[in-house]
Amino acid sequence: MLEIKFVRQNLPTVQKAVENRGGTADWEAFNRADAQRSAVLNEIEQLRHQRNVASEQIARLKKNGQAADAQMADMRSVGDRIKQLETELTAQEQILGDILLGIPNIPDPSVPVGRDEKDNPVIKTVGRPPEFDFQAKGHWDIGEQMGILDFARAARIAGARFPLYLGAGAHLERALINFMLDIHTNEHGYTEVLPPFIVNRQSMTHTGQLPKFEQDLFKLENWDYFLIPTAEVPVTNIHQGEILTEEQLPVYYTAYTPCFRSEAGSYGKDTRGLIRQHQFNKVELVKFVEPEHSYEELERLLQNAETILQRLGLPYRVVTLCTGDLGFSAAKTYDIEVWMPAQNMYREISSCSNFEAFQARRANIRFKRKGQKGTQLVHTLNGSGLAVGRTVAAVLENYQQADGSVVIPEALRPYMGGKEKIAP
RNA sequence: GGAGAGAUGGCCGAGUCGGCUGAAGGCGCUCGCCUGCUAAGCGAGUGUGCGGGGAAACCUGCACCGAGGGUUCGAAUCCCUCUCUCUCCGCCA
């Protein structure tokens with residue numbers, strides 16, 4: 001959410017930014033409700049002042065045993081008027097709140113203007129795609145032939161877009177989770193957390209999934225609870241409503257969680273394999289930082305995620321999301337895309353974003369500087385470090401052998417009981 | 001699920017029969033004084049949001065005592081609903 005004052009004072013900037021993202025908002029309704037709200041609030045405050053003064057007077061009269069019937073009668077009508085205006089105020093604030101919650105974040109000036117993912121500039125490419133002297137297979141074929149992935153049975157248990165890992169497949173998924181968590185905690189200074197996988201409506205609103213994107217979420221029936229689509233939601237909300245101290249910052253958390261997404265509107269896309277699932281595992285990185293450092297923190301967050309791919313020896317590239325492809329809450333996002341041989345293309349495996357104060361304002365996460373009055377909103381960042389299912393897919397495809405086996409990346413072997421390859 | 005207790009400022013904790021209580025007292029913290037170090041001591045200050053005034057220090061209005069409603073001229077104090085915490089019982093991974 002943007003600050004109402006900021007929107008009011010920078011309307012052209014905000015309008016331009018929303019337009020660049022391909023969004024819309026009812027600016028006229030905003031102006032109307034904003035003016036109306038101020039007028040009503042002003043009158044309410046005056047009346048309340050009047051009432052406060054009169055109440056004191058009534059208290060004094062009564063203490064002296066004098067009558068105060070006239071004052072009390074006056075105040076009764078003032079009270080009625082206040083109540084009436086308060087209803088009006090609530091209505092206007094509702095309108096404003098709805099509009100403000102629906103306005104996306106303003107992109108950082110360094111974000112390129114563009115329409116969609118085709119306009120995302122590649123900022124670097126690391127590693128070289130492997131060359132095979134045989135026809136490279138998709139990870140779904142590799143996995144099913146070795147009996148470590150079983151999509152048919154998963155479909156019977158739950159439905160399409162659910163995974164079932166077996167044997168070495170399940171072990172590989174678990175190994176990757178531990179591998180990633182160990183690196184982020186031991187080498188990158190993150191604190192491991194294991195949060196709730198179900199959250200309430202407020203938390204979802206704080207990070208920006210709600211109110212706009214409810215159709216992307218799984219909601220529990222008869223409960224106002226949702227399955228998390230990413231650990232970003234519970235982890236960012238760890239500090240909702242808090243005032244942190246300057247010395248506490250920066251705070252780094254890493255969390256493994258399953259993620260649940262309805263994938264509404266993606267029918268027919270990535271129907272095979274582990275790329276697009278209703279349930280997948282992810283190791284997430286979340287940061288709370290001082291505003292003046294958030295962009296250097298974003299660069300380091302990106303590096304932290306890249307480290308995993310480098311250690312696994314997977315080829316990848318990094319793109320900057322253009323304005324049209326940027327997520328609702330983000331001010332700037334880098335996507336890391338891993339090379340997928342069977343599809344002969346790079347696929348997103350991590351998304352690293354700086355939300356600036358957007359989420360912090362919604363979630364009311366502030367900090368106080370030593371010796372300074374007042375508080376300031378923190379900046380929040382997060383990034384996948386990495387999406388585990390897609391990492392499994394990338395390992396299977398990039399390390400596949402002619403005989404149908406898959407070599408385990410060296411760095412991962414300690415996590416696989418020393419095993420060097422997965423064979424049929 | 002059943003029975004009971006509770007939710008106040010960074011923390012602890014008081015708030016009488018509703019009326020100068022943004023909230024006593026203590027701790028902590030900040031600044032100053034004093035003591036040749038440390039400790040102790042003394043003095044002052046120390047919540048957040050929105051708005052008005054001032055160059056600024058600061059002054060000023062409104063709101064906030066878990067959340068939301070209600071009663072009342074007036075509520076941290078009374079009533080209702082919800083959430084959370086604690087104790088006991090039941091059930092249970």
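Keep in mind that what you see is a predicted model, and the values were worked out from it rather than measured. Each chain gets a letter, A, B and so on, in the order the sequences are listed, and its residues count up from 1.
- At the heavy-atom level, T375(A) lies under 4.0 Å from the strands shown only through sugar-phosphate atoms.
- Pairing for U21(B) is absent, judged as Watson-Crick or G-U wobble with the two contacts each under 3.5 Å.
- Checking the phosphate oxygens (OP1, OP2) of U48(B), a side-chain nitrogen or oxygen of K368(A) falls inside 4.0 Å.
- Within 4.0 Å (heavy atoms only), K63(A) reaches no atom of the nucleic acid at all.
- For G51(B), the OP1/OP2 oxygens have a side-chain nitrogen or oxygen of K5(A) closer than 4.0 Å.
- If you take CD1 of I243(A) and P of U48(B), they are 7 Å apart, rounded to a whole angstrom.
- Contact between the side-chain N/O atoms of R51(A) and the OP1/OP2 oxygens of G74(B) is found at a separation under 4.0 Å.
- Here, G4(B) and C92(B) have their C1' atoms 22 Å apart, quoted to the whole Å.
- Residue L61(A) contributes atom CG, which lies 15 Å from atom P of C20(B) at whole-angstrom precision.
- Under the Watson-Crick or G-U wobble criterion, with both distances below 3.5 Å, G28(B) is paired with U46(B).
- Side-chain contact, E299(A) with Y334(A): a donor N or O sits under 3.5 Å from an acceptor N or O.
- Only the C1' atoms considered, G54(B) is 39 Å distant from G41(B), to the nearest whole Å.
- Separating the CG atom of D224(A) from the P atom of C84(B) is a distance of 13 Å, rounded to the nearest angstrom.
- Using atom P as the reference point in both A23(B) and G61(B), the two lie 12 Å apart (nearest Å).
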**Request:** Before giving the answer on ring pair (Phe, Tyr, Trp, His ring centres under 6.0 Å), spell out for F328(A) and F358(A) the whole-Å C-alpha distance, their side-chain angles and the decisive distance to 0.1 Å.
**Result:** CA-CA 10 Å; F328(A) 180 77; F358(A) 192 82; 5.7 Å; yes

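- Straight-line distance from the CD1 atom of I58(A) to the P atom of A75(B): 12 Å, rounded to whole Å.
- Within the nucleic acid shown, R366(A) comes within 4.0 Å of sugar-phosphate atoms alone, with no base atom in reach, counting heavy atoms only.
- Residues A59(A) and R76(A) both approach RNA chain B. Their nearest nucleotides, taken by heavy-atom distance, put A59(A) toward the 5′ side.
- The salt bridge (charged side-chain N to carboxylate O under 4.0 Å, His left out) check on R413(A) picks up nothing, with sequence neighbours excluded.
- Nucleotides U83(B) and U30(B) place their C1' atoms 36 Å apart, quoted to the nearest Å.
- Computed from coordinates, the L89(A) CG to G51(B) P distance equals 13 Å when rounded to whole Å.
- To the nearest angstrom, P of G74(B) lies 13 Å from CG of D74(A).
- Under the Watson-Crick or G-U wobble criterion, with both distances below 3.5 Å, U77(B) is left unpaired in every strand shown.
- With no hydrogens or angles considered, a side-chain donor-acceptor pair links S294(A) and N354(A) at under 3.5 Å.
- Interatomic distance, CD1 of I95(A) versus CZ of F30(A), reported as 12.0 Å (0.5 Å rounding).
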Report, one pair per line, the protein and nucleotides 58-62 of chain B atoms (nitrogen or oxygen only) whose separation is under 3.5 Å.
from, atom 1, to, atom 2, distance (Å)
G61(B), O3', H49(A), ND1, 2.8
G61(B), N2, E45(A), OE1, 3.4
C62(B), OP1, H49(A), ND1, 2.9
C62(B), OP1, N52(A), ND2, 3.1
C62(B), O2', R48(A), NE, 3.4
C62(B), O2', R48(A), NH2, 3.4

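- Only the P atoms considered, A55(B) is 38 Å distant from A67(B), to the nearest whole Å.
- Contact annotation for M72(A): base contact, defined as any heavy-atom pair under 4.0 Å involving a base atom.
- Under 3.5 Å, the side chains of Y316(A) and Q310(A) contain a donor-acceptor pair of N or O atoms.
- Between H239(A) and F288(A), the gap from one ring centroid to the other is short of 6.0 Å.
- Base pairing of A40(B) is not made with any nucleotide, judged by Watson-Crick or G-U wobble geometry with both donor-acceptor distances under 3.5 Å.
- When only modelled atom types and interatomic distance are considered, Q343(A) and R347(A) share a side-chain donor-acceptor pair under 3.5 Å.
- Of the nucleotides present, U87(B) is the one that pairs with A3(B) by Watson-Crick or G-U wobble criteria, both distances under 3.5 Å.
- Rounded to a whole angstrom, the distance from the C1' atom of G68(B) to that of C11(B) is 28 Å.
- Taking the six-membered ring for Trp, F218(A) and F226(A) have ring centres at least 6.0 Å apart.
- A distance of about 14 Å separates the C1' atoms of G49(B) and G22(B), rounded to the whole Å.
- As the counterpart of A56(B), no nucleotide is assigned, since no Watson-Crick or G-U wobble pattern has both distances under 3.5 Å.
- Using a 30° and 60° split on the angle between ring planes, Y225(A) and W223(A) fall in the parallel class, below 30°.
- Rounded to whole Å, atom P of C50(B) lies 23 Å from atom CD of E43(A).
- Nucleotide C34(B) is matched to nothing when pairs are restricted to Watson-Crick or G-U wobble geometry with both distances under 3.5 angstrom.
- Across the strands present, A93(B) finds no partner; the criterion is a Watson-Crick or G-U wobble pair with both atom distances under 3.5 angstrom.
- For the C1' atoms, the distance linking U8(B) with U60(B) amounts to 26 Å, nearest Å.
- Summarising the geometry, the separation between CD on E86(A) and P on G68(B) is reported as 13 Å, rounded to the nearest angstrom.
- Here the side chain of E3(A) is nearest to one of C50(B), G19(B), G74(B), namely C50(B).
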